[in-house]
Enquirer: 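Below is one structure. I have some questions about it.
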Amino acid sequence: MAKEQLQVLNALDVAKTQWYHFTAIVIAGMGFFTDAYDLFCISLVTKLLGRIYYHVDGAVKPGTLPPNVSAAVNGVAFCGTLAGQLFFGWLGDKMGRKRVYGMTLMLMVIASIASGLSFGDKPKAVMATLCFFRFWLGFGIGGDYPLSATIMSEYANKKTRGAFIAAVFAMQGFGILAGGMVAIIVSASFKAGFPAPAYQDGAVASTVPEADYVWRIILMFGAIPAALTYYWRMKMPETARYTALVAKNAKQAANDMSKVLQVELEAEQEKVEKFAQEPANTFGLFTKEFLKRHGLHLLGTATTWFLLDIAFYSQNLFQKDIFSAIGWIPPAQTMNAIEEVFRIARAQTLIALCSTVPGYWFTVFLIDRIGRFIIQWMGFFFMTVFMFALAIPYNHWTHKDNRIGFVIMYSLTFFFANFGPNATTFVVPAEIFPARLRSTCHGISAAAGKAGAIIGAFGFLYAAQPSDPSKTDKGYPPGIGVKNALIVLGCVNFLGMVFTFLVPEAKGKSLEEVSKENEEEVENGTELRQQSGHDTRTVPVL
């Protein structure tokens with residue numbers, strides 16, 4: 001049987017959408033804005049770093065980062081993010097969401113600025129310091145995943161909770177656009193102020209000394225929006241669910257939420273203490289009871305996020321094909337260094353605007369109408385279909401006349417990633433676990449996703465190389481080819497569909513209801529029953 005809900009939690013569940021909801025979305029979303037900005041803008045400046053620090057006299061083409069350096073510069077932030085998700089997820093359940101929230105933001109601000117100040121004039125010194133600071137930037141970003149999702153889920157009402165958490169995640173879209181626009185503005189300004197010939201007309205002169213400022217300014221700009229929200233993060237009260245259910249301070253929870261909701265709330269300390277003593281609310285993460293109640297749920301959220309990110313971050317395999325197909329980026333030797341930054345930024349911004357950003361907001365508008373399960377399953381289904389449609393007739397798509405079709409199929413794949421599992425894998429772990437383990441379990445799920453991202457971004461970069469050694473990119477060993485890599489990714493997406501069946505539906509339910517925190521145990525603690533009339537299925541029937 002379900003117990004009577006605490007008044008303060010019930011007030012949050014039934015509250016109408018108010019100004020504080022939107023304030024919380026912006027405050028929580030700024031971490032994801034910075035996350036997307038940083039991960040996006042580094043891909044805009046890696047070509048410039050190659051020209052500046054790895055120029056080879058007499059070479060036909062401009063300098064590029066060696067594969068191992070490129071992987072380190074792009075991948076070290078992923079490693080930091082994975083570590084940060086696990087550490088700050090655990091810390092958020094131990095110390096409280098708010099106390100840890102400021103730490104992650106300040107770490108992001110300091111590391112963003114330090115990334116642009118990477119010192120030395122030798123390639124090894126610059127790349128080593130850049131990687132060091134980007135690891136700590138990723139560490140801070142990683143903490144924002146479980147904390148932002150948990151805070152938003154615990155502040156939201158049950159009717160629109162999914163949309164609010166998805167809106168926090170959708171701030172990534174604005175971060176991507178901001179990264180592109182900042183790169184466009186900075187590169188256009190420097191291009192106008194410091195004109196230079198194309199590489200083929202003057203190899204050394206094509207990279208002006210001032211180009212070294214371009215990448216530093218672009219990287220450091222990411223600190224500004226994060227720094228602006230620090231004050232507001234510190235003003236946010238601790239979530240009532242943490243204060244009441246974990247810290248067991250009913251009076252403080254009632255006082256905090258009375259100010260937020262502008263209603264009088266009763267402090268129910270006796271009910272909180274009774275609630276905390278029940279066996280259902282005392283088990284830890286590494287217990288048989290957790291394994292029995294939530295083991296499959298954690299397996300479902302972790303595996304679906306892992307599989308999704310393998311496919312999602314593999315998109316860099318096809319960027320060069322798409323950009324050359326549309327004619328947005330001419331050969332590198334026909335441009336100077338700053339013009340190349342401008343062209344890449346413009347191309348990637350347009351791709352993001354057309355396919356990435358709309359998918360996020362489709363999820364925001366529909367997640368509380370059709371549910372998390374259907375959106376996630378449908379997203380994996382269409383990603384599977386489009387990956388196989390790209391892979392099986394791959395030779396057909398390589399012909400010049402058919403490349404526009406390839407671009408459309410590619411865009412649809414990532415539209416359904418964002419209107420699908422890329423959003424729902426972030427939302428669901430913040431809803432289905434008990435309050436005392438919520439941040440930790442979200443961090444574990446997110447870390448599994450980042451492990452998938454590392455495989456998708458770097459493992460497939462090597463795997464997609466042609467099997468003919470003479471046709472591989474410089475510095476890469478032979479692989480299985482793009483066609484076979486696409487088939488593997490199609491299979492990965494299909495597995496995502498299968499593991500989605502382990503994830504419960506949380507639409508329209510309170511957090512305590514979906515995590516079974518508000519249930520009483522009967523028959524010696526072995527059987528749980530919900531209030532009559534509530535669905536007890538793990539997933540909805542399609």
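Keep in mind it's a predicted model, so treat the numbers as computed, not measured.
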Enquirer: First locate atom CE of Met152, then atom CZ of Arg97, and finally report the distance between them rounded to the nearest 0.5 Å.
Expert: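 Rounded to the nearest 0.5 Å, the CE-CZ separation comes to 14.0 Å.
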Enquirer: State the CD-CG distance between Gln172 and Leu177, to the nearest 0.5 angstrom.
Expert: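 If we round to the nearest 0.5 Å, Gln172:CD and Leu177:CG are 12.0 Å apart.
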Enquirer: Might you point out which heavy atoms bring Gly300 and Val503 nearest each other, and give the distance in Å?
Expert: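 Minimum heavy-atom separation between Gly300 and Val503: C-CG2, 3.7 Å.
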Enquirer: Without swapping roles, check the side chain of Ser112 against the backbone of Val109 for a donor-acceptor pair under 3.5 Å.
Expert: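 Flag not set: sc Ser112 to bb Val109 has no pair under 3.5 Å.
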Enquirer: Report yes if some heavy atom in the side chain of Asn422 is under 4.5 Å from a heavy atom in the side chain of Leu308; otherwise report no.
Expert: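 Of all side-chain heavy-atom pairs linking Leu308 with Asn422, at least one is under 4.5 Å.
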Enquirer: Should Phe414 and Tyr410 be marked as a ring-ring contact (aromatic ring centres under 6.0 Å, His included) after you check the CA-CA gap, both sets of side-chain angles, and the distance that decides it?
Expert: CA-CA 7 Å; Phe414 293 99; Tyr410 168 89; 5.2 Å; yes
Enquirer: Working to the nearest 0.5 Å, report the span between CG of Leu296 and NE2 of His294.
Expert: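 Answer for the CG-NE2 pair, Leu296 versus His294, is 11.5 Å.
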Enquirer: For a side-chain hydrogen bond (donor to acceptor under 3.5 Å, both in side chains) check, start with the C-alpha distance between Thr500 and Gln376, then their side-chain angles and the critical distance, and finish with the verdict.
Expert: CA-CA 7 Å; Thr500 294; Gln376 183 163 312; 3.2 Å; yes
Enquirer: Quick check: does any side chain N or O of Asn249 sit under 3.5 Å from a backbone N or O of Gln252, one acting as donor and the other as acceptor?
Expert: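 Pair found, side chain donor or acceptor close to backbone of Gln252.
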Enquirer: For Thr160 and Asp368, does a side-chain donor sit closer than 3.5 Å to a side-chain acceptor?
Expert: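 No - no donor-acceptor pair under 3.5 Å links their side chains.
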Enquirer: Any salt bridge linking Asp13 with Lys159? Criterion: basic side-chain nitrogen under 4.0 Å from a carboxylate oxygen.
Expert: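 Here Asp13 does not pair with Lys159 in a salt bridge, since their nearest N and O are not under 4.0 Å apart.
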Enquirer: Say you draw a straight line from OH of Tyr155 to CD1 of Ile25; how long is it, rounded to the nearest 0.5 Å?
Expert: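 The distance works out to 13.0 Å.
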Enquirer: Does Glu238 use its side chain to pair, donor to acceptor, with the backbone of Lys98 at less than 3.5 Å?
Expert: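 Confirmed, Glu238 side chain pairs with Lys98 backbone.
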Enquirer: For side chain to side chain contact (heavy atoms under 4.5 Å, CB included), just list the numbers for Val14 and Asn157, CA-CA rounded to whole Å, side-chain angles, deciding distance to a tenth of an Å, and then say yes or no.
Expert: CA-CA 6 Å; Val14 299; Asn157 60 54; over 6 Å; no
Enquirer: Taking the six-membered ring where the residue is Trp, are the ring centres of Phe501 and Phe373 under 6.0 Å apart?
Expert: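 Aromatic pair counts; centres sit under 6.0 Å.
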Enquirer: So does Arg233 pair up with Asp144, basic N to acidic O under 4.0 Å?
Expert: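 So Arg233 pairs with Asp144 through a salt bridge.
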Enquirer: Do Lys288 and Phe283 have side-chain heavy atoms sitting under 4.5 Å apart?
Expert: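 No, their side chains stay 4.5 Å or more apart.
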Enquirer: Does the side chain to side chain contact (heavy atoms under 4.5 Å, CB included) test come out yes or no for Leu9 and Leu245, once each step is laid out?
Expert: CA-CA 10 Å; Leu9 304 187; Leu245 302 179; 3.9 Å; yes
Enquirer: What pair of heavy atoms forms the shortest contact from Leu86 to Ile444, and how long is it?
Expert: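 Distance-wise, the nearest heavy atoms are CD2-CA, 3.9 Å.
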Enquirer: Can a donor-acceptor pair be found between the side chains of Thr440 and Asp93 at a distance below 3.5 Å?
Expert: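 A donor-acceptor contact under 3.5 Å links the two side chains.
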Enquirer: For Arg161, which residues count as a salt bridge (Lys or Arg N to Asp or Glu O under 4.0 Å) partner, sequence neighbours excluded?
Expert: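 Partners of Arg161 by the salt bridge (Lys or Arg N to Asp or Glu O under 4.0 Å) criterion, ordered by chain and then number, come out as Glu431.
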Enquirer: Of the non-hydrogen atoms in Ala15 and Leu261, which two are nearest, and what is the gap between them?
Expert: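 The answer is CB-CD2, 3.9 Å.
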Enquirer: Which heavy-atom pair separates Gly180 from Ala345 by the least distance, and what is that distance?
Expert: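 Taking every non-hydrogen atom into account, O-CB, 3.9 Å.
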Enquirer: Given Phe286 and Phe290, is the side chain to side chain contact (heavy atoms under 4.5 Å, CB included) satisfied, shown in steps?
Expert: CA-CA 7 Å; Phe286 301 106; Phe290 177 86; over 6 Å; no
Enquirer: Has His442 got a side-chain atom pairing as donor or acceptor with Leu437's backbone, closer than 3.5 angstrom?
Expert: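 A pair under 3.5 Å: no.
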Enquirer: Taking all heavy atoms of Val492 and all of Leu307, pick out the closest pair and write down the distance.
Expert: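 Of all heavy-atom pairs spanning Val492 and Leu307, the closest is CG1-O, 3.3 Å.
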Enquirer: Does any N or O in the side chain of Thr425 come within less than 3.5 Å of the main-chain N or O of Trp305, such that one atom is a donor and the other an acceptor?
Expert: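 Between the backbone of Trp305 and the side chain of Thr425 there is no qualifying donor-acceptor contact (under 3.5 Å).
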Enquirer: Using the ring pair (Phe, Tyr, Trp, His ring centres under 6.0 Å) rule, collect all pairs that involve residues 88-108, keeping only residues at least two apart or in two chains.
Expert: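 Sorted result for residues 88-108: Phe88-Phe139.
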Enquirer: Looking at Thr349, Ile184, Leu44, which one forms a side chain to side chain contact (heavy atoms under 4.5 Å, CB included) with Ile344?
Expert: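 Filter result, single survivor: Leu44.
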Enquirer: How about Leu147 and Ser439: do any of their side-chain heavy atoms sit closer than 4.5 Å?
Expert: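 Yes, at least one pair of side-chain atoms sits under 4.5 Å.
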Enquirer: Side-chain contact test, heavy atoms from C-beta onward, threshold under 4.5 Å: evaluate it for Phe32 versus Tyr145 and give yes or no.
Expert: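 Yes, at least one pair of side-chain atoms sits under 4.5 Å.
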Enquirer: Is the closest side-chain heavy-atom distance between Cys441 and Leu285 below 4.5 Å?
Expert: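 Yes, their side chains come closer than 4.5 Å.
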Enquirer: Would the Phe494 and Phe380 ring centres measure less than 6.0 Å apart?
Expert: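 Aromatic pair excluded; centres sit 6.0 Å or further apart.
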Enquirer: Going by heavy atoms in the side chains, are Arg241 and Arg438 under 4.5 Å from each other?
Expert: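 Yes, side chains in contact.
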Enquirer: So, does Thr363 use its side chain to make a donor-acceptor pair with the main chain of Asn418 at under 3.5 Å?
Expert: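 Side chain of Thr363 to backbone of Asn418: a pair is present.
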Enquirer: Looking at every heavy atom in both Gly222 and Thr34, which two are closest together, and how far apart are they?
Expert: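 That closest heavy-atom pairing would be O-CG2, 3.6 Å.
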Enquirer: Supply the atom-to-atom distance Ser43 OG to Asn74 CG, rounded to the nearest 0.5 angstrom.
Expert: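 Interatomic distance, Ser43 OG to Asn74 CG, rounded to 0.5 Å: 7.0 Å.
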Enquirer: Is any side-chain heavy atom of Leu298 less than 4.5 Å from a side-chain heavy atom of Phe433?
Expert: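 Contact flag for Leu298/Phe433 side chains = yes.
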Enquirer: Start with the C-alpha distance between Thr229 and Phe33, add both sets of side-chain angles, then the distance that settles side chain to side chain contact (heavy atoms under 4.5 Å, CB included), and finish with yes or no.
Expert: CA-CA 11 Å; Thr229 55; Phe33 181 99; over 6 Å; no
Enquirer: Tell me whether the rings of Tyr37 and Phe221 are parallel (<30°), tilted (30 to 60°) or perpendicular (>60°).
Expert: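 Taking Phe221 first and then Tyr37, their aromatic rings sit tilted (interplane angle of 30° to 60°).
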Enquirer: Could you check whether any side-chain N or O of Lys158 sits under 3.5 Å from a backbone N or O of Leu511, counting only pairs where one atom can act as donor and the other as acceptor?
Expert: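 It does not hold such a pair.
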Enquirer: Taking Lys507 for the side chain and Arg372 for the main chain, is one N or O donor matched with an acceptor at less than 3.5 Å?
Expert: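 Checked: no pair found.
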Enquirer: Can you pull out every ring pair (Phe, Tyr, Trp, His ring centres under 6.0 Å) where at least one residue sits in residues 346-368? Sequence neighbours excluded, please.
Expert: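 Found Phe169-Tyr360, Phe174-Trp361, Phe362-Phe415, Phe362-Phe419.
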Enquirer: Keeping the roles fixed (side chain from Gln85, backbone from Gly443), state whether a donor-acceptor pair exists under 3.5 Å.
Expert: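 Not at all, since once roles are kept as given, no pair shorter than 3.5 Å links the two residues.
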Enquirer: Among Ser445, Pro504, Pro429, which residue satisfies the side chain to side chain contact (heavy atoms under 4.5 Å, CB included) criterion with His297?
Expert: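 Among Ser445, Pro504, Pro429, the one that satisfies the side chain to side chain contact (heavy atoms under 4.5 Å, CB included) with His297 is Pro504.
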Enquirer: Would you compute the distance between atom CE of Met378 and atom CE of Met497 and round it to the nearest 0.5 angstrom?
Expert: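 Result: 12.0 Å between the selected atoms.
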Enquirer: Val26 versus Val168: any side-chain heavy-atom pair under 4.5 Å?
Expert: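 They are not in side-chain contact.
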